[in-house]
Amino acid sequence: MEYNFRAIEQKWQEEWKKRGTYTVREDAARPKYYVLDMFPYPSGAGLHVGHPLGYIASDIVSRYKRLQGFNVLHPMGYDSYGLPAEQYAIQTGQHPAVTTAKNIARYREQLDKIGFCYDWDREVRTCEPGYYHWTQWAFCKMFNSYYDHASEKARPIDDLIDYFEKNGSEGLNAAQSDKLTFTAAEWKAMDTAAQQKVLMNYRIAYLGDMMVNWCPKLGTVLANDEVSEGLSIRGGFPVEQKVMRQWCLRVSAYAQRLLDGLDRIDWTDSLKETQRNWIGRSEGTEMVFSVKDSDVKFTIFTTRADTIFGVTFMVLAPESELVPLLTTSAQKQAVEDYLTAVKKRTERERISDRRVTGVFSGSYAINPLTGEAIPVWISDYVLAGYGTGAIMAVPAHDSRDYAFAKHFSLPIIPLIEGCDVSEESFDAKEGTVTNSPVAGKQGFKGFSLNGLTVKEAIAATKKFVSEQKLGQVKVNYRLRDAIFSRQRYWGEPFPVYYKEGVPYMLPEECLPLELPEIKNFKPTETGEPPLGHALSWAWDTVNNCVTENTKIDNKTVFPLELNTMPGFAGSSAYYLRYMDPHNEKSLVSKQANGYWQDVDLYVGGTEHATGHLIYSRFWNKFLFDLGFVCQDEPFKKLVNQGMIQGRSNFVYRIKDTNTFVSLGLKKDYDVTPIHVDVNIVSNDVLDTEAFRNWNPEYKTAEFILEDGKYVCGWAVEKMSKSMFNVVNPDNVVDRYGADTLRLYEMFLGPLEASKPWDTNGIDGVHRFLKKFWSNCASGEGFSFSDEAPTAEELKCLHKLIKKLTFDIDHFSFNTAVSAFMICLNELGKCNKRAIYHDLTILLTPFAPHLCEEIWQAMGEEGSVCDASWPQCNESFLVESAVTYSISFNGKTRFTMDFPVDATNEQIQAQVLGSEGAKKWIEGKPIRKVVIVPKKIVNVVI
RNA sequence: GCCCGAAUGGUGGAAUGGUAGACACGAAGGACUUAAAAUCCUUUGGCCAUUGCGGCUGUGUGGGUUCGAGUCCCACUUCGGGUACCA
């Protein structure tokens, strides 16, 4: 009987659905295991073979854990709101609701074909009101919270109001946008609008005037992780810096906790490192500089306090609010010209063309340690958004300051003994400090760093600056608050209304605030939100939801917030929703959350390292602080699957002809390589007939063959339509079956490695499945031998149990598949029931359809998914003798068998006495014999 | 520039510091077949010897630690990923 994978796979996919095999419920009697995939955004192109790689790995772990007796939660859903989905709709001229629904249906069809064990009853879609209800709800909670650094957690904003009423801002240690100072009396004297303005400074979700990444082509602002090298990740459009009033999430408040949490989770070091860099903790010193002939004082941030004696100029960011204060009338025109020029340059230009530019402000700052006057410059190499937007420049020990000093001929004072700064700055934090002012000389204030190492000097300066109240020790983070507004249509509406310009949250009972259906949903280059076309929706919402005493006056044109939330809003807590997807009362019930706790295994790509994986950790920590979830970190273990690249094929057309020459012969001709559809190439051999039909241009193509075949060239490239190297999993499933696809994707190499998709090896795993099948297939049915297994067979089986268990526990699926092949090779044509029973269970995570069929054929009850993973019986693995490698001076020459209990003395005597040894020793004296238990005897001559 | 990671046959890749190249593909030869497909068997890192069962060499390069290094340490080369005026 043939291995008819098409019939088998269809049969079992229907059967699983009918039986509800993969439906899960909380079950206190069994331990839980939560396996999560990063849910896809349903793009128009459908899945290619790269997408299922991680899904297959997680599916294997899910099935394996289930066989081991765990209650496994393994859900799937769609990240269906956001830019990519909307861009696709615009490109195809359809409404995003329509394309999204269509794309989801296609994804589902493709996913179903691969035989995943998802519990589809728990599916979530971020664009459905039942889901985004809780996205909006979380936003309201963030609006109504502030971050208290004293207790290192988020607290209700009412606590903050109480605090202000008692103490004003005195002694408050909270995350804030600006440092505000007021007394309790002043607070009480403020009107509502003024108080709201103050509170906005502390809210975790806040409305602020921010320097944002504005992308005119996409008609929206973007978060930092959505921009790379001045271009939008989505679409590659230019991005400019602009101040806009936007909703933001105070992610920066959680910087330290996000950093600390990394030490407690099982992620790869490289991913943790990426997040650490992104958070960018830097310990330094803030120092206050006064300005000559002025009352103005300003603060700078530096990590190199030790270089204070090498400061030869100061630099302000062009956007700094100090610029107008420090510009003298003489320099006014020059500064204004410079600011205009800076504004004109796009972010892209600034990055690609890194020229040194700047202008002198006319003012001088006073070095707090020497009293020396230092010119204050303005330059765009200093960023307004980091530190204080002002720096002390030490050209001798900072390459950027060095370039600036050289360009404007400013002095350079080296501070490290023996360093040469004639060509470049000395940036390393090492060496011995020199050139500090000394007693008796001008500028000496009783503080010198000479003779200290750089590290000692930094510490000494910090201490001195703190004691003398010249500044303070300060930790800065690179991590910025997340900009949360998008001037787009396809996203969650904000549950926010305005009264006299002050934003308020809609009452909780009015959630979800549903996205209205509008015809003209396209973004604008000026940033007018598309929801501006839904004026009646806005008014209806306000009239229905807002109670009498807060009802807004009719003068307001847009009573509602018209921006929508960004893509990451919906993906930040989806893993919580899977725990309790149909709950209408809360995001997740205490009971469901208490049972499922957190994600045990999260599988997905590294591309989310600085986006989703930061945002959801932040979101989860916030919900944890408020007591809505029971775990501080959402993802205990995270595994990154590698990217599957495309393997393109080429044909070689002889110039100005329609004749194509095979790879091996192309050197004799002048040829142009042309991409050819990989789907008409097999093992690099072109199907010439299919090629002629592929494109009308090649209808009359002629071929110069080698050995009767046309051999194509190949290259590894990105998988994309234009390279004709996209492989659709449907085609693979159609040709080889889902079980082969699953097995092959795992066999391709380590899960984390990036690798090209290459169908060349797929026959191998397909043969393996056929062999597994045909060993027990016979005639029109199956036959199993009831003979007792031999010791050899049992040893073989139990070796496999041990290896598979180890490999799956360590996510080494490629070696697991190999181990299975080896075992089957060793067993030969064995069809003993006792062996096949266990083998079938062991293969189930990899090839579930095939195993169900065999399980049924063996007359077993129920589904093989509910069987128990076999235990390795070590007693079958015990050897009667041990084989030792015998080496001479480290080179292995032969092997010898010894009884398990042989002593080292016995082994040594036998080895030295053997004929083989005599040949290698050649009568020379033996210096040493090293015996490694059960492995090696090395004789040193 | 900075921070990670990698480098092993024609290919994908194995190898707790212990016989490098498992397993698979491809290739070559053979069996079965009228033929093809499918299946099975043999060989397959390189060099030398193959009328001798063998020998030498070999994991990007150069050094080191070790009885023993693909694996650990130092320096370098190349490639991939992340990040970028973050003071």
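Chain naming here is simple, since letters A, B, ... match the order of the sequence lines and numbering starts at 1 in each.
Note on A/V940: only backbone sugar-phosphate atoms sit closer than 4.0 angstrom, heavy atoms only; bases stay farther off. Nucleic acid contact for A/R281: none, since no nucleic acid atom lies under 4.0 Å from a heavy atom of the residue. Residue A/R893 is classed as a sugar-phosphate contact, given heavy-atom separations below 4.0 Å to backbone atoms only. In this structure, A/I391 reaches the bases: a heavy-atom distance under 4.0 Å links it to at least one base atom across the strands shown. Across all strands shown, A/R767 has heavy atoms under 4.0 Å from sugar-phosphate atoms exclusively, and none from any base. A/T303 comes within 4.0 angstrom of sugar-phosphate atoms only, judged by non-hydrogen atoms across all strands, and of no base. Using a 4.0 Å heavy-atom distance criterion, A/W773 is classed as making no nucleic acid contact.
The aromatic ring centroids of A/F313 and A/F404 lie less than 6.0 Å from each other. Side-chain rings of A/F408 and A/W377 approach one another, their centers coming within less than 6.0 Å.
Listed nucleotides B/G18, B/G55, B/A87 differ in distance to A/K919; the shortest reach to its side chain belongs to B/G55. For A/K891, whose side chain is taken as the heavy atoms from C-beta onward, the closest listed nucleotide among B/U57, B/A87, B/C85 is B/U57. Nearest nucleotide to the A/V382 side chain, out of B/G82, B/A87, B/A22: B/A87. Checking B/A87, B/C23, B/C67 against the side-chain heavy atoms of A/V930 singles out B/C67 as nearest.
Formation of a donor-acceptor pair under 3.5 Å by the A/N649 side chain with backbone atoms of A/V678 is not found in this model. With hydrogens and angles ignored, the 3.5 Å screen pairs no side-chain donor or acceptor of A/T307 with any backbone N or O of A/G310.
Distance, A/I279 CD1 to B/U83 P: 14 Å, rounded to whole Å. One atom, CE of A/M287, and another, P of B/A87, lie 14 Å apart when rounded to the nearest Å. Atom P of nucleotide B/A38 and atom NZ of A/K771 are separated by 17 Å, given to the nearest angstrom. Here the C1' atom of nucleotide B/C67 and the CH2 atom of A/W920 are 17 Å apart, to the nearest Å. Spacing between atom CD of A/E826 and atom C1' of B/A22 amounts to 11 Å, rounded to whole angstrom units. Taking atom CD on A/E2 and atom P on B/A37, their separation rounds to 16 Å, with Å as the unit. Atoms CG (A/L769) and P (B/U39) sit 13 Å apart, rounded to a whole Å. Rounded to whole Å, the distance from CD1 on A/I614 to C1' on B/G82 is 13 Å.
Taking CZ of A/F820 as the reference point, atom CZ of A/F846 lies at 8.0 Å (rounded to 0.5 Å).
If you take atom C1' in B/A69 and the same atom in B/G64, they sit 11 Å apart, rounded to whole Å. Between B/U33 and B/A28, the distance separating the two P atoms is 23 Å to the nearest Å. B/C25 and B/U44: their C1' atoms are spaced 13 Å apart (whole Å). To the nearest whole angstrom, the two C1' atoms, one in B/C56 and one in B/C2, are 46 Å apart. Taking atom C1' on both nucleotides, B/G82 is separated from B/G18 by 37 Å, rounded to a whole Å. Taking the C1' atoms as reference points, B/A6 lies 14 Å from B/U71, given to the whole Å. Rounded to a whole angstrom, the distance from the C1' atom of B/A20 to that of B/C32 is 37 Å. Taking atom P in both B/G70 and B/U59, the straight-line distance is 7 Å, to the nearest Å.
Base pairing analysis places B/C56 opposite B/G46; the two distances defining the Watson-Crick or G-U wobble pair are each below 3.5 Å. Across all strands shown, B/A20 forms no Watson-Crick or G-U wobble pair with both key distances under 3.5 Å. The base-pairing partner of B/A35, taking Watson-Crick or G-U wobble contacts with both distances under 3.5 Å, does not exist among the strands shown. With both pairing distances under 3.5 Å, B/C79 is matched to B/G5 as a Watson-Crick or G-U wobble pair. Nucleotide B/C40 has B/G30 as its partner under the Watson-Crick or G-U criteria, with both atom distances under 3.5 Å.
The nearest pair of heavy atoms linking A/M314 to A/I374 is N-CG2, 4.1 Å.
Nearest-nucleotide positions on RNA chain B place A/S885 closer to the 5' end than the other of A/S885 and A/D763. If A/G280 and A/V932 are placed on RNA chain B by their nearest nucleotide, the residue sitting closer to the 5' end is A/V932.
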Handout entry: Base versus backbone protein contacts along nucleotides 1-15 of chain B [heavy-atom cut-off under 4.0 Å; B, S, -]
Key = --SS-------BSS-

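With its glycosidic angle within 90° of 0, B/G9 is assigned syn.
Contact annotation: the side chain of A/D225 approaches that of A/W278 to within less than 4.5 Å [non-hydrogen atoms, C-beta and beyond]. Using a 4.5 Å heavy-atom cutoff, the side chains of A/I56 and A/F813 are not in contact. Between A/F894 and A/S914, some side-chain heavy-atom pair lies under the 4.5 Å cut-off. A/M392 has its side chain out of reach of A/N367: every pair of non-hydrogen atoms, C-beta onward, lies at least 4.5 Å apart.
In this model, the phosphate group of B/A87 is approached by a side-chain N or O of A/Y386 to a distance below 4.0 Å at OP1 or OP2. One finds no side-chain N or O of A/N640 lying less than 4.0 angstrom from the OP1 or OP2 phosphate oxygen of B/G81. Within the structure, a side-chain polar atom (N or O) of A/K770 is placed less than 4.0 Å from OP1 or OP2 of B/U39.
Contact of A/N938 with B/C67 (side chain to base): a donor-acceptor pair of N or O atoms is detected under 3.5 Å.
A salt bridge does not link A/D380 to A/R355: none of the charged nitrogens lies less than 4.0 Å from a carboxylate oxygen.
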